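Okay, structure first, notes after.
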Amino acid sequence: MGSVKRIVRNNQTAWQQVEENVIVVTNQTRKMHILQGIGGRIWELLENSINQDELIENIQNEYDAPPWQIQEDVERFLKELSEKTMIEIIG
Amino acid sequence: MFLSIGGICLEIKSNNDDFMLKTAQEFSAFIFEKEMVGCYLIEVNHGYVSKEVAAINVIKKEDIFDVAGDEFRGIINIVQKTAKVDIADLSGVFNCFLRVFYSIILLENNGFLVHSVGLDYHSKGYLFAGASESGKTTTARMAKNDYNVLSDELVMIRQVNDEILLFSTPFNGEFEGFISSSSVPLHSISFLNKNINNGFQQIARIEMFAELMANIFFFSWDCKSNQRLINLVNRVCEDINGYRVDLFNYNIRSVINGISEKNSSQQSNSLAAG
């Protein structure tokens with residue numbers, strides 16, 4: 001069964017695209033984070049709330065790597081974003 | 001009394017004559033004869049009893065900032081352009097409050113303060129940023145005979161009419177030289193760093209962005225303020241080249257000449273490409 005988790009950017013963040021990177025400043029911790037490469041693309045996809053499986057599928061379609069590896073990497077990355085209060089997981 | 005710092009006018013009011021006299025002496029280079037349009041009003045009250053706080057605390061509620069340090073507590077209304085502050089009667093406390101005040105109102109005026117030494121050389125602004133103990137005051141002392149020093153502690157960057165300007169401030173470290181009220185177009189931002197080969201090296205925009213953010217004097221915990229700040233930092237990093245420099249092992253003049261030549265050659269290349 002697929003994931004029902006929906007994910008969205010925490011609206012208490014400020015961010016800016018800098019070349020191919022995204023700089024994110026979290027209001028809660030007031031720390032600055034640099035998202036590079038796929039990280040920046042995931043941030044872009046999180047503009048509106050998105051289902052976790054849908055997000056992984058988007059990345060699998062765009063990047064040339066084994067699907068299982070992308071799934072593992074994206075899940076790990078989302079966990080990290082959540083721990084850093086950069087995203088909210090709904091449901 | 002009116003002050004103009006970074007092109008932003010302040011009217012200072014206090015019923016303590018001794019405070020007004022000392023403030024006039026401390027900020028003599030920034031005193032302005034008459035009120036400018038859009039002036040901020042700061043009312044100063046005295047006799048604040050010092051309270052130890054872990055760090056300067058800023059709380060924002062709508063347009064009002066409540067700021068507190070060890071020796072002052074103030075309310076800043078950014079829409080009405082007013083502030084009321086209670087200060088302890090100790091040397092340097094009002095200067096400390098003004099630094100916090102400016103860190104807040106500057107965002108409304110497309111600017112921010114950077115931990116840095118600023119130099120004006122042939123009407124070009126060179127900023128050397130670094131944390132405490134990174135060599136800012138030493139740099140100012142090395143440069144004072146050949147360059148106009150804008151500050152050795154906190155220099156102001158503002159976008160004015162689409163131009164990025166560097167402004168002198170009275171927010172100094174231990175530099176003993178005279179600092180006048182002046183501004184100059186920003187030419188480069190360098191980050192003080194020992195052991196750089198050849199005295200200086202250009203850095204990538206993302207690295208410059210991160211380094212600049214780390215050196216900005218800023219206390220807001222407000223998301224909109226953060227967004228304004230990083231938008232402005234991005235604009236600065238798009239327009240200005242960033243470098244790492246070692247001013248301890250290299251002559252400041254050779255580093256500035258090197259940066260100037262590199263900027264000029266890049267400008268020529270981009271003009272030729274355009």
Side-chain angles (χ1 to χ4, degrees), chain A residues 5-50 55 59 62-63 65 70 73-74 76-91, chain B residues 54-62 65 67 100 103-104 106-108 110 112 114-115 129 131 157 159 164 189 191 202-242 270:
Chain A
K5 283 182 192 168
R6 291 193 74 79
I7 303 157
V8 68
R9 289 177 197 159
N10 182 342
N11 62 12
Q12 289 298 302
T13 54
W15 64 277
Q16 175 72 50
Q17 179 96 30
V18 181
E19 295 172 324
E20 70 275 23
N21 312 286
V22 176
I23 300 259
V24 183
V25 177
T26 53
N27 212 36
Q28 204 171 327
T29 60
R30 227 178 93 183
K31 285 189 176 164
M32 184 176 65
H33 307 278
I34 301 173
L35 308 180
Q36 298 171 304
I38 294 181
R41 174 61 183 141
I42 291 174
W43 186 257
E44 196 181 340
L45 289 168
L46 290 170
E47 184 174 5
N48 298 309
S49 81
I50 186 169
L55 174 70
I59 298 295
E62 291 177 25
Y63 290 88
I70 286 182
D73 289 349
V74 172
R76 193 181 315 116
F77 182 71
L78 290 173
K79 188 165 177 276
E80 203 180 328
L81 292 188
S82 175
E83 285 167 359
K84 290 175 176 167
T85 71
M86 294 160 73
I87 57 168
E88 289 176 324
I89 298 171
I90 309 159
Chain B
I56 288 171
N57 193 24
V58 177
I59 298 167
K60 182 178 185 245
K61 283 182 190 160
E62 295 177 353
F65 288 82
V67 302
V100 178
S103 80
I104 290 167
L106 269 173
L107 277 181
E108 303 296 315
N110 291 323
F112 52 83
V114 190
H115 285 285
I157 291 179
Q159 182 186 335
I164 307 294
I189 298 179
F191 300 96
Q202 193 168 351
I203 57 174
R205 185 142 70 91
I206 184 71
E207 204 178 337
M208 181 186 178
F209 193 112
E211 289 267 9
L212 187 54
M213 284 291 289
N215 283 292
I216 288 174
F217 185 77
F218 186 61
F219 298 100
S220 175
W221 286 76
D222 171 59
C223 195
K224 281 185 184 165
S225 304
N226 287 339
Q227 189 65 60
R228 287 184 84 134
L229 179 67
I230 65 174
N231 289 350
L232 186 55
V233 168
N234 188 50
R235 168 69 209 276
V236 171
C237 293
E238 276 176 349
D239 282 16
I240 308 293
N241 283 339
S270 67

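From a predicted model like this one, the values you see are computed outputs, not experimental measurements. In what follows, every chain begins at residue 1, and chains take the letters A, B, ... in the order their sequences are listed. Excluded from the calculations below are hydrogen atoms, water molecules and symmetry mates; all remaining heavy atoms, backbone and side chain alike, are included.
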Which pair of non-hydrogen atoms, one from A:Asn27 and one from B:Asp222, has the smallest distance, and what is that distance? OD1-C, 3.5 Å

One should read off an interatomic distance between A:Gln17 CD and B:Ile230 CD1, to the nearest 0.5 angstrom, of 11.5 Å

Looking at CZ of B:Phe209 and CD of A:Glu19, how far apart are the two atoms once the value is rounded to the nearest 0.5 Å? 11.0 Å

CD/B:Glu62: more than 12 non-hydrogen atoms of other groups inside 6.0 Å: no

Checking heavy atoms, do the side chain of A:Gln28, its backbone, both or neither come under 4.5 Å from chain B? backbone

Within the structure provided, determine whether B:Val233 and A:Gln16 are in side-chain contact (heavy-atom separation under 4.5 Å). no

Which atoms of A:Gln36 come close to chain B, meaning under 4.5 Å heavy atom to heavy atom: side chain ones, backbone ones, both, or neither? neither

What pair of heavy atoms forms the shortest contact from B:Asn231 to A:Trp15, and how long is it? OD1-O, 4.5 Å

B:Met213 to A:Val25 - nearest heavy-atom pair and separation: CE-CG2, 4.0 Å

Is any side-chain heavy atom of A:Ile23 closer than 4.5 Å to a side-chain heavy atom of B:Ile206? yes

What are the two closest heavy atoms between A:Ala14 and B:Gln227, and how far apart are they? CA-OE1, 3.1 Å

Heavy-atom pair with the smallest gap, counting every atom of A:Ile34 and B:Ala210: CD1-CB, 4.0 Å

